[in-house]
Structures are given as structure tokens and as C-alpha cells.
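Labels below follow one simple rule: chain letters A, B, ... track the order of the sequence lines, proteins then strands, and each chain is numbered from 1. The structure presented is a predicted model; accordingly, all values stated were derived computationally and were not measured.
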2 protein chains.
Amino acid sequence: MRSLTIKDVADKAGVSVATASRVLSGHPSTSAEARTAVTEAAQELGFRPNAQARSLRKTTTETIGLVLPDVRNPFFADLAHAIEQRARDFKYLTLFGNANESAEQQDRYFDVMLSQRVDGLIAAPLGDLESLRSILDSGIPTVFVDRVIADTDVPSVTPDNVTGVQEAVRHLTDQGHRRIGYIAGPQSTSTGRERLAAYQDALASTEADDDADLIFFGDFQAASGAAGARHLLELAEPPTALLAADSLMSIGAIGVCNERGIGIGADLAFVAYDDIEAFALLNPALTVIAHDVDAMGRQAVEMLTQVIAGETPASVILPSRLIIRGSTPPLPGGTAL
Amino acid sequence: MRSLTIKDVADKAGVSVATASRVLSGHPSTSAEARTAVTEAAQELGFRPNAQARSLRKTTTETIGLVLPDVRNPFFADLAHAIEQRARDFKYLTLFGNANESAEQQDRYFDVMLSQRVDGLIAAPLGDLESLRSILDSGIPTVFVDRVIADTDVPSVTPDNVTGVQEAVRHLTDQGHRRIGYIAGPQSTSTGRERLAAYQDALASTEADDDADLIFFGDFQAASGAAGARHLLELAEPPTALLAADSLMSIGAIGVCNERGIGIGADLAFVAYDDIEAFALLNPALTVIAHDVDAMGRQAVEMLTQVIAGETPASVILPSRLIIRGSTPPLPGGTAL
DNA sequence: GGCCGCCATGGAATCGTTTCCATGGAATCG
DNA sequence: CGATTCCATGGAAACGATTCCATGGCGGCC
């Protein structure tokens, strides 16, 4: 079954290939007869232009690449959705690649997307400048979202990783907590680093303990949250409150608490990162550090279109805020202020 | 900045374009000198072959398209992940499109992916045979996953939508329930139809009520689950147990219960579809109808490679099973058997 | 030593589209 | 009415890779 080309359409319509192409791509100088003949012929044959050939000639593909670390993380699923919907408004189709928190898979996606000549790239990158060198050098319009890479001038839209954590720590100390455990994200990501630093800074300005062993380093996946909870709860002097740096690690940690019969809220205060729908359903509902995922996605797409247009938009930081729910009541026997 | 072509590499390496191409695509008859010269030149220039040109000449793109109804539904996020990982094993890159439960967006993705000449397509389709006619007619290797379209011979891998529901209904009646509300999925999807039919059949073989108004028709999204819960709980004779046909509607429904202070388990038994990680964290944990998402994804990819190879694999139905947890205790004042 | 065949190589055709350029006819203007 | 512009059209070049085909060198074999 040889594939159907524009030549078949042209033949059927009795015009030249050039005319057929003009009609099909909406070029103004075409006659009414040519238009109807070609349109009908194309319709009848079920012609679908070969995008490869088209974008080989034009240098644009009308697609953007999106590389995110983990589809199964609800935060990134929401982000992907937001980006995709906004990109549609600009007639871009979003090709979504899931890096699975692996630098190697991420780089493969970058490579293939560059080969596919996407018109632009949105990514929440992992790894360092060196490994991304080839993307940046390729000159493809790029915007970072959620995460950034140090020492690049790639425009980015990121959450405010400081304020939310500060508020959370202050809230917990206000509730009487002095030992606040922290399940950190990987230090190879900007969000992991910034949130940890914010936690440490916030602690420093309170009277709460800042023992290094209150910090557990996870990898943003559920299993490491579980490991973190186990480790922290088994300390000689365990924390009375827990803060986890993303939603999946929160899920893992809460699973461990349930297993051990430790009541969230009652026996252990808990603050999760990212306002996942399911967190509001827990009983008690979870106090979370939330940010506006939709805004982040929309912003990233808008910035990318600017970069594609040759502008250099300024990076944006979107606010986070603490949403206080039932998982962080005052510490029962705690040293009330 | 004119883009870098294989000709630049050939010039730098001092060989012809043909030789450069052979080296870069691993053709056997190349000399060691040519190999090193070309490889070095390509490396040094940072050459990245243009995939458009390449797949215009070869007729394969080494990509598969994946069109799913909703990334934000954890079931589909997991499915996408499973498909993507298995596709990697076959050297396929997965281009993922999110149809957003909209036939129009779905069709646009199909269209673009066909234009991009993906080597194959995996989809959880919505809509009817007519609207998908053009995809099926195009002859592109296709596999349906999770959902199917009636009257096609497209191979599919679907969950057993009957057994799980049957077990759930039986379990609930065993626990003493006589009024079991059902929040159904859209009847435009095969899963929506089959699960509803299974619920109705299962009810018929018990002594439980089978009032039509125990059924609410949702659309697989959270808001409709909430609407369904509101509607069912306000019936003159409200159900004592609720069964929802997917995870997002379950989340919506549980949200309403929390709002109204209706205790899941205590005041209302609840069975959700799909075993989402977060469901196990609720207190009490949710009884769910589970299926093996990973297996479904892997199976779909394997079937697709068979279709691409020209074979016609038989459709597969994967088992579902009921996982009983705390949300379905015996009905307190219920007519125990 | 001559012939055959293999292998690395370069030139050119090819994939399917868009677009440049030349052409000829119609329309417009003074 | 003649000159100029405009516009629809077709032929052919171009995009950047792969691959067919022809060629020439070399080794092996009788």
C-alpha cells in the first residue's frame, strides 16, 4: 500500500502539485475552482499530508516538547495538563516525555526531541549544567519549569520554595513542636536544595532543634518517603512533626504511619508539599504547602512562545502558601507559647 | 544560524555524504579510518541528525503515539508510565497525548500523530466507530487499551469489567447492604457500559434493591463523582453503600461525604474502582476493585509490536479483583445473614 | 598471472512537501 | 489603446537524510 501523496491529490483534481499544495496550506493566490477541486479530491482520497516532508521544508513543526520527571506524581500530571491545554491555544501540540527521575532517560528524550526538531522545549530538568550543555548549545528555545539548573540564563517559572516552607515551620513551632523532621528531596534538583535550605533557615530563627539527623534525604518517590518516615520515627528522640518535600514522599510516609498505628494529627503532625486532591480527603485532612500549578503551566507556555519569537522574558517566581488543615493541631502536651 | 547537516560532518571528516551517513547509521561496509574520522567530526560539531529527513527516506519514525483520556487520572498516569517503559525496551519513543475526555481533542491528536507518521498507536478511545473511521482506514497499526470501540477488529487489552464488580456487589450484600448506590461512568465508553451492566446483573441475582434511581451517571471526572454522591445521599431512601466506576469520581464522592460529616465505613460503605496509592492511606482504607496496570501497559506494547510486524494478536482481558479493606465493614444494624 | 568477487566509496536519485521563479492572461490605469 | 500591475499557475529547486548503482582497488584462487 504505497502511501498517498499530494501528487495523487493534484492528479485527481487536475492541477499541478504546486497548486494543490497552495490550496491545502491556505495560500491566498488560488482560484475558487482550484480550491474546490483540490479540497474535494483530498477529502475523497482521505489525504493526510506527511508532516515529515512538510517540516523538512518549512523549518517548523508546530510541536513543543515537554520533559517532566514523573507522570505519576500528581503535581507533574497536573502541570502537564496545564501546559498542554495552554499550548493548544497557540496551536502547538505537546509531545510529552516522562524522564522517570532518571538523567539518562531525560537526556534520551531531549536528544530525540531535538532530532524531531520540536519548536521549543519545556522541562523540569535534573542533573547539572554539563549534561545539559548539548541542549543549551543547540540553541533550541527552552523554558525551565518548577526546577532550574544553576548558572544558565534559561528563563524559568518556579515556585517560591522559601515562603511556604517558612510558614510551615513557623506554624509547627507555633503549635508547640520542637522536633520537626524533614524528608528532603534529592539535592541534585533545585527544588530539593531550596526547600531544604528554607527549612534549615526557618529552623535557625526559632528555638526548635536543628539536629542534622532530623533530616532524611529522599528522592521524590514514594518508597523514599516511607524509608524516611521509618528512619525518623526510630530516632532515639523522634520528631513530633514531619514535613515532606513532595507529594509522593508524603504518601509513602503516611503509609508507614498507618502501618504502625501512628495517628496523623493525633500522634504526629504532618505537612505535605503540593495540594493533591486526595490529601484533602484524608481524615484528618492534610496541611499542605500549595502552589498554583495551572498558573505555572500557563506561564511556562507563554514564556516559551516569547522565546520562540526571539524575546528574552524574565524568569518568574510564583507564590506558595500554607493551607492549614487538620493534620497539624496544637501539640497536646506541648510547651504552649 | 543555518542548521548543521550531515554534509558539514562529511566535509570536516573529508569523506562523502554517503560515507558519513553509513558510518552514522552503523552500516557495516565502512573502513576504520572513515569511522573514526566521521565519528570525531560529528562529535566535535555536535551533529544531531534531522529526524524528519531521516524518516522521510526510511518510512519508520521509531515513535509510537499514545492517546489517553486523562493524565490526571492516576490510573491513566500509571498506564502511561507502564507503556512508556515497555516501549523503551523496543526502542520506541512514546509521544503522549492527553485527550482530556474530549472526542475533539482526541481526534486532533490522532490526526497529528498520523501526520507525524508514528509507527503505531495505542489508545483508550472514546466516541464511536464513525468518528474513528479515518484512523482505522489509515491502516496504521493500532491497539486499544482499557477501552474499546464496538464492531472493530482492533486488538485490545482490557480489564475484566465484570468479575470485580460482581465480587464487590456480592461482598456488599454479604455485609448486609440492600441499597447499593452506583456512580456510573459515561455510557459512551466501553468501560462505563460494561461496569454498569455488571452492577445491574450482579444486583439481579441478589435480594438487594435494583431501583433505577440508585444509579447516577457521571463522566469519570471528580466533579461528577461529587454530584453523584450528593444526588444519591439525598434520595428519600438513600443507599447504605456506594460503588464508583473510577478513581476520580471516588475522590469527588468521598470529598462530599467528608464535607457532610458522613463517615466512610461507619455511616456509608464505599468501594472505589482502581487501586490508587492514596486510597490505601485513607482512614479507614478503601475497599477497591483493582487491576494490574503494569501488565496492561506491557501487554499493549507487546501487542502493538506484533501488529507492526504484521501479525494479528488476539485481544486479551486481564483479571480484576476485589481488595477488601476497612471501608466496607458489616452493616451495623443490617440484616445479617 | 589473470580473473573473479568483495568491499569501501562517491555521485545521484529518492522520500513528500513547500516555495522560488517564470509565464501568460486578465485587469487596471492613465 | 498600450503599458503596467496583479494573480493564478506549473516546473523545478530545495529541505536533509538514506540508499541504489557504478567504480576502482585489493586479495584470493585456480
Contact under 4.0 Å: B/S3 side-chain N or O vs D/dG16 OP1/OP2 = yes

Write down the distance between CG (B/L4) and P (D/dA17), rounded to a whole number of angstrom.
-> 8 Å

To the nearest Å, give me how far apart CG (B/N50) and C1' (C/dG16) are.
-> 14 Å

Should B/E101 and B/R147 count as an ion pair when the cut-off is N to O under 4.0 Å?
-> yes

Nearest whole angstrom, please: distance from the P of C/dA13 to the CG of B/L56.
-> 17 Å

Just checking, any donor-acceptor pair under 3.5 angstrom between side chains of B/Q52 and B/Q116?
-> no

Is the distance from OP1 or OP2 of D/dG16 to the nearest side-chain N or O of B/T5 less than 4.0 Å?
-> no

Heavy atoms under 4.0 Å, any strand shown: does A/S31 hit a base, just sugar-phosphate, or nothing?
-> sugar-phosphate

Does A/R54 make a side-chain donor-acceptor contact with the base of C/dT17, cut-off 3.5 Å?
-> no

Check: C/dT17 base within 3.5 Å donor-acceptor of A/R57 side chain | no

Taking only side-chain nitrogens and oxygens of A/S29, does any of them come within less than 4.0 Å of OP1 or OP2 of D/dC7?
-> no

Do B/R22 side-chain and C/dG10 base share a donor-acceptor contact under 3.5 Å?
-> yes

Quick one: label B/V15 by what it contacts on the DNA or RNA (base, sugar-phosphate, nothing), any heavy atom closer than 4.0 Å.
-> sugar-phosphate

Whole-Å distance between D/dA17 C1' and B/K58 NZ?
-> 10 Å

Could you give the CD-to-C1' distance, from B/Q52 to C/dT14, as a whole number of Å?
-> 17 Å

Counterpart residues, salt bridge (charged side-chain N to carboxylate O under 4.0 Å, His left out), relative to A/R57 (two or more places apart) | none

Measure from CG on B/L24 to C1' on D/dA17 and round the result to the nearest Å.
-> 10 Å

Looking at A/D292, A/V145, A/V316, which hits side-chain contact (heavy atoms from CB on, under 4.5 Å) with A/Q299?
-> A/V316

Examine the side chains of A/D70 and A/N98 and answer whether a donor and an acceptor come within less than 3.5 Å of each other.
-> no

Would you please confirm or rule out a distance under 4.0 Å between OP1 or OP2 of C/dG10 and any side-chain N or O of B/S16?
-> yes

Please tell me which of the listed nucleotides, C/dG16, C/dT19, D/dA17, lies nearest to the side chain of A/S21?
-> C/dT19

Give A/A51 one of three labels, base, sugar-phosphate or nothing, depending on what nucleic acid heavy atoms sit under 4.0 Å from its own.
-> nothing

Is the number of heavy atoms from other residues, nucleotides or ligands under 6.0 Å of A/Q43 CD greater than 12?
-> no

Identify whether the distance between the nearest side-chain nitrogen and carboxylate oxygen of A/E44 and A/K12 falls below 4.0 Å.
-> yes

Please give, in whole Å, the distance from C/dT14 P to A/I6 CD1?
-> 19 Å

Let me have DNA chain C in dot-bracket notation, would you? Count Watson-Crick plus G-U wobble pairs, both distances under 3.5 Å, and use [ ] for pairs crossing earlier ones and | for inter-strand partners.
-> ||||||||||||||||||||||||||||||

Between A/T158 and A/S156, a side-chain donor and acceptor under 3.5 Å | no

Within this structure, what is the CG-to-P distance between A/D11 and C/dT17, rounded to whole angstrom?
-> 12 Å

